Protein chains: 2
Amino acid sequence: MSSTQNKPNKNNKVSLAQIAKAAGVSKMTASRVLRDEGGFSESTRARVMAEIDRLGYVPNRLATVFAGDQRSTFVGVSIPELGNEIFAQVLEGIDRKLGAFGHQTVLGMTEHALEQEEKWLETVLSWQPAGLIVTGRSHTPKSIQLLSGAGIPLVEIWDFNSSPLDMSVGLNHFDSGYSMGRYLTGLGYRQFGYVGTSHDTANAASARLAGYAKVIGDSGGSLKKQLLLKDAPGFYTGYYGTEQLLAANSDVEVIYYQNDNMAVGGLNYCQKRGLSIPGDIGIAGWGDLPIASILPYRLTSTAVPHLRIGMIAAEMVLSQINGEARRRSQDVGFTLIPGSTVRSQLE
Amino acid sequence: MSSTQNKPNKNNKVSLAQIAKAAGVSKMTASRVLRDEGGFSESTRARVMAEIDRLGYVPNRLATVFAGDQRSTFVGVSIPELGNEIFAQVLEGIDRKLGAFGHQTVLGMTEHALEQEEKWLETVLSWQPAGLIVTGRSHTPKSIQLLSGAGIPLVEIWDFNSSPLDMSVGLNHFDSGYSMGRYLTGLGYRQFGYVGTSHDTANAASARLAGYAKVIGDSGGSLKKQLLLKDAPGFYTGYYGTEQLLAANSDVEVIYYQNDNMAVGGLNYCQKRGLSIPGDIGIAGWGDLPIASILPYRLTSTAVPHLRIGMIAAEMVLSQINGEARRRSQDVGFTLIPGSTVRSQLE
DNA sequence: TTGAAAGCGATACCAC
DNA sequence: GTGGTATCGCTTTCAA
């Protein structure tokens, strides 16, 4: 039984060959019609299209990619977690842009574990993706090897990286923590606290903490306590983290949080305790998250273009796929928001 | 040039044939070692593995699937939006479970548009996914045709559906809106408001609104205003939606929101305006979202197991793939949370 | 405008 | 234990 057969394949799925047979043309002609490649008559086209409709043909893109030795239209995207709305937004930015250009996001949740990233990478690469977007700049040696050898567009996001493996878009988290620390020391604060969550690996949040700690040390202040909770960085974690921190360090004057949601949790804890803000204690968050827009006061924070990071990353991958010139690395920066949850002037 | 060649392919990627050649065995033997299938000596195994490592071989799963005429390990997952943390959590539940069993999530954001779902479906099906999880129970005719003909496990989530196309897990949103409405009418409320967001299509939120409206009508109350904003259902939308609603309907006694985040936005607007809660106005949300855990009072709401819906959906797909018995449809239910942002007794 | 044949990278099947 | 050969569904290439 040779080329132009009409028996169904093992999956009982309609194949191009069956379409061709039914339309009375060769596989090649049917293939040309399908790709609208030209080189066929209108009547042929009509016949083939009719059969496609009638038989409910769904092309097997696996075979297409395979035959052409091309890449798929997949783009692998790894992010640490979805529960964290910051990353959900970054992902939304990526998928919106990718989807608009006919690409599909293959998701990889690493849960902040480099080994999980490595495992995911191996799998996703075996599907011949057209590009890769990964969160963070640190990877296992094996991951780096895979990433470098893949020969496809790669963007490392979130942490800005001036010498990326391929491309990068993000911001300097150390600087962002440093700038908040400097702002707060400038207001006369001396006794500092930090509440965040801990993960196995060096990550962006710990870079912010490092910058914060650095400027505090340099200016003669004291970072009384850095609390790293083993929990998701959300409202409630901020709430009970603040409770813990204040229970043991009642002299802390201001607390910096891993993000705004945790800060709002802390804020509410303080209010419940009857502490005045910023009179008794200062509160600073990070990320300028949606919740900040409805508080009765402006939360001291750092604004970051989450969605934009995702969109830019997707654009970088897409333009690289299309062989256009691209920017290797882009720093989207950050904006410190003074707010009213810390002192407004030097005391 | 026959079977055991060693020239690199067009993508400059290492193939099994090259590994085999380098190790001095046939492709088949190399393939067996790779799959740890048995039927080779330890020394052969060692030689092949060494070459795999040395050459940095990454298998081409496209070819594997193709050759075996199997399905891929992809599972297509469509959700309306990621910015909405409810769906982000559902997706997290799905991907965690799927990832643990060696499957990959191929994302599809439909932005609440049925046509976008249809377009995505066509694409994702061409990649021979092992299963499909889609949000919602309404689809275009073409989508239904594709879904029915796909011959792979399919779960419709979010809206519980007693006669799904294949399988379903979710809850009855109409009932959930009805139960809240009944609770509120039972407390003596008569003038009702609703604040949500609008989307083109019939969706779960509008089913809740319908249930709410139904019970209000039946009990002789009045749904003064149902405000459907063209915006994402977040904190700020709830805030300004409440402002709009109250400006035109000052006699409304209680407002039901599309979700807790919007309710908290409304709550903050009321507080800013100096309205007492629940004295001057009652507030009810939906979803029991994280923010509710840190408020100084319990938000009246409806608790729903978001993450669990995702996990169950993934489990349904997985067990179906593995040919195990499965449940066709599962109603995860909901729990009304009385809270303290509405009257506590009949007035 | 059309078609026949070769081949993409792996696996199934059968022979040795 | 090991290897040859056919094959998956499609595109590339070349010829008509």
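The analysis underlying the following values was restricted to heavy atoms, covering all of them including side chains, and did not include hydrogens, waters or symmetry mates. Below, chains carry the letters A, B, ... as their sequence lines are ordered, and counting in each starts from 1. Owing to the predicted nature of the structure, the values given are computational and were not obtained by experimental measurement.
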For [X], which residues count as a side chain to side chain donor-acceptor pair (under 3.5 Å) partner, sequence neighbours excluded?
| X | result |
| --- | --- |
| B:Ser72 | none |
| A:Ser126 | none |
| B:Asn161 | B:Arg137 |
| B:Asp95 | B:Thr105 |

Round to a whole Å and report the spacing from [atom1] of [X] to [atom2] of [N].
| X | N | atom1 | atom2 | result |
| --- | --- | --- | --- | --- |
| A:Gln70 | D:dT12 | CD | C1' | 11 Å |
| B:Leu16 | D:dG3 | CG | P | 13 Å |
| B:Lys27 | C:dG7 | NZ | P | 12 Å |
| A:Ile19 | D:dT11 | CD1 | P | 13 Å |

### Message
Listing request: all ring pair (Phe, Tyr, Trp, His ring centres under 6.0 Å) pairs with a residue in residues 45-70 of chain A, at least two apart in sequence or in separate chains.
### Response
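Output for this query lists A:Phe66-B:Phe66.
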### Message
Is there a side-chain contact between A:Leu107 and B:Leu91 in this structure, where contact means two heavy atoms from C-beta onward sitting under 4.5 Å apart?
### Response
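Heavy-atom side-chain distance check passes, below 4.5 Å.
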#### Entry: N/O (side chain, B:Tyr57) to phosphate O (OP1/OP2, C:dG9) under 4.0 Å
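For C:dG9, OP1/OP2 do not have a side-chain N/O of B:Tyr57 under 4.0 Å.
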### Query
Is the shortest side-chain N/O distance from A:Ser26 to OP1 or OP2 of C:dG3 below 4.0 Å?
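It does, given that an N or O in the side chain of A:Ser26 lies less than 4.0 Å from OP1 or OP2 of C:dG3.
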### Message
Test of understanding: with ring pair (Phe, Tyr, Trp, His ring centres under 6.0 Å), list the residues that count as partners of A:Trp158, not counting sequence neighbours.
### Response
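A:Trp158 satisfies ring pair (Phe, Tyr, Trp, His ring centres under 6.0 Å) with A:Phe87, A:His173, A:Trp286 only.
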### Query
Considering residues at least two apart in sequence or located in another chain, which fulfil the ring pair (Phe, Tyr, Trp, His ring centres under 6.0 Å) criterion with B:Phe74?
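Scan of B:Phe74 (ring pair (Phe, Tyr, Trp, His ring centres under 6.0 Å), adjacent residues dropped) gives A:Phe74, A:Trp127.
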#### Entry: Residue-level proximity of residues 41-54 of chain B to DNA chain C when a heavy atom falls under 4.0 Å
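DNA chain C contact set from residues 41-54 of chain B: none.
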### Query
Bend angle of the helix from C:dT1-D:dA16 to C:dC16-D:dG1 from five-pair axes at both ends, rounded to 10°?
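Here the helix ends are tilted 30° relative to one another.
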### Task
Return each pair, listed once, that meets salt bridge (charged side-chain N to carboxylate O under 4.0 Å, His left out) where at least one residue sits in residues 99-109 of chain B; pairs must be two or more places apart or across chains.
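Every pair satisfying salt bridge (charged side-chain N to carboxylate O under 4.0 Å, His left out) with a residue in residues 99-109 of chain B: there are none.
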Side-chain atoms of residues 308-319 of chain B: list all donor-acceptor pairs with protein atoms under 3.5 Å, sequence neighbours left out, distances to 0.1 Å.
residue	atom	partner	partner atom	Å
B:Glu315	OE2	B:Lys97	NZ	3.0
B:Ser319	OG	B:Glu315	O	3.2
B:Ser319	OG	B:Met316	O	3.3

### Query
From D:dG3, C:dA10, D:dG9, pick the nucleotide closest to the side chain of A:Phe66?
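Of D:dG3, C:dA10, D:dG9, D:dG9 is nearest to the side chain of A:Phe66.
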### Message
Could you check whether B:Gln116 and B:Thr110, counting side-chain N and O atoms only, form a donor-acceptor pair closer than 3.5 Å?
### Response
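No, no side-chain donor-acceptor contact under 3.5 Å.
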### Message
Near DNA chain D, counting only heavy atoms under 4.0 Å, which residues of residues 28-40 of chain B show up?
### Response
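Heavy-atom cutoff 4.0 Å gives B:Met28, B:Thr29, B:Arg32, B:Gly39, B:Phe40.
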